[in-house]
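Below: the structure, in structure tokens.
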Amino acid sequence: MTYLPTMMTNEIINKDWLESMASTKKEFLKKLFTVFLRDEPARVVKIREALQGGKMDDLKYLAHSLKGAAATMGADKVRDACLHLEHSALDGDTEQAYKDMLVIEDEMKSVYDFMAEFIQ
């Protein structure tokens with residue numbers, strides 16, 4: 001059986017996606033996770049800055065970009081939170097966007113921890 005990190009139980013990363021990738025492409029998956037860990041924290045910072053600066057068009061674009069990256073990695077909770085943030089930005093709902101941002105930051109922390117454990 002393929003080793004999966006203990007944090008797997010609450011599906012930080014989609015279980016079916018992870019099992020299919022880890023069973024046949026584990027080294028490739030480690031590289032994907034390494035790139036995600038290297039690149040995505042900066043995007044989260046840019047999302048926060050766009051929100052704080054009231055740049056809703058930038059916010060929508062950045063949330064959409066992170067949504068795609070999260071979907072590619074099987075991070076379904078992050079993907080869903082980004083979709084909510086995209087809608088909040090589109091609606092110009094700053095209050096809801098801040099709530100969405102908190103969810104994204106919290107979920108991304110879990111994703112970072114999971115990926116770091118997985119690639120060890």
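No hydrogens, no waters, no symmetry mates; every other heavy atom, side chains included, goes into these values.
Side chains of Ser88 and Asp100: a donor on one and an acceptor on the other come within 3.5 Å.
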Contacts under 3.5 angstrom, residues 49-66 side chains, donor-acceptor by atom type, not counting sequence neighbours:
residue : atom : partner : partner atom : Å
His64   : ND1  : Glu86   : OE2          : 3.0
Ser65   : OG   : Tyr61   : O            : 3.1

(Q) One pair to check against salt bridge (Lys or Arg N to Asp or Glu O under 4.0 Å): Glu105 and Lys109. What are the steps and the verdict? (A) CA-CA 6 Å; Glu105 289 171 335; Lys109 168 87 170 77; over 6 Å; no
Under the criterion side chain to side chain contact (heavy atoms under 4.5 Å, CB included), I'd like the reasoning laid out for Lys67 against Asp80: C-alpha separation, chi angles, the key distance, then a yes or no. CA-CA 7 Å; Lys67 180 181 72 175; Asp80 293 346; over 6 Å; no
Practice prompt. May I have the step-by-step check of salt bridge (Lys or Arg N to Asp or Glu O under 4.0 Å) for Arg43 and Asp39, ending in yes or no?
Written response: CA-CA 7 Å; Arg43 190 181 335 241; Asp39 295 347; over 6 Å; no
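With rounding to the nearest 0.5 Å, the separation of CG in Leu18 from CD in Glu11 is 9.5 Å. Atom CD1 of Ile12 sits about 7.5 Å away from atom CG of Asp113, to the nearest 0.5 Å. The CE atom of Met21 sits 7.5 Å away from the CE atom of Met73 when rounded to the nearest 0.5 Å. In this structure, the separation between CG on Asp76 and CZ on Arg79 is 4.0 Å, given to the nearest 0.5 Å. Remark: Lys99 NZ to Thr94 OG1 distance equals 12.0 Å, nearest 0.5 Å.
Looking at His84 and Val103, their side chains never come closer than 4.5 Å, going by heavy atoms from C-beta outward. Using a 4.5 Å heavy-atom threshold, the side chains of Met115 and Thr34 count as separate. Between Leu85 and Gln96 the shortest side-chain heavy-atom distance does not fall below 4.5 Å. Using a 4.5 Å heavy-atom threshold, the side chains of Leu29 and Trp17 count as touching. With a 4.5 Å cut-off on side-chain heavy atoms, Cys82 and Val78 count as touching.
When hydrophobic clusters are built by joining Ile, Leu, Val, Met, Phe, Trp and Tyr residues whose side-chain heavy atoms come closer than 4.5 Å, directly or via intermediates, Ile13 is grouped together with Leu37. There is no path of hydrophobic side-chain contacts, each under 4.5 Å, that joins Met101 to Val45. A continuous path of Ile, Leu, Val, Met, Phe, Trp and Tyr side chains, each step under 4.5 Å between heavy atoms, connects Leu32 with Val111, placing both in one hydrophobic cluster. Each of Leu102 and Tyr98 belongs to its own hydrophobic cluster when Ile, Leu, Val, Met, Phe, Trp and Tyr are linked at side-chain heavy-atom distances under 4.5 angstrom.
Without hydrogens or angle criteria, Asp91 side chain to Asp93 main chain gives no donor-acceptor distance under 3.5 Å.
In this structure, Lys30 places its NZ atom where more than 12 heavy-atom neighbours from other residues, nucleotides or ligands lie under 6.0 Å away.
Between Phe36 and Tyr112, the ring planes are tilted. Angles from 30° to 60° get that label.
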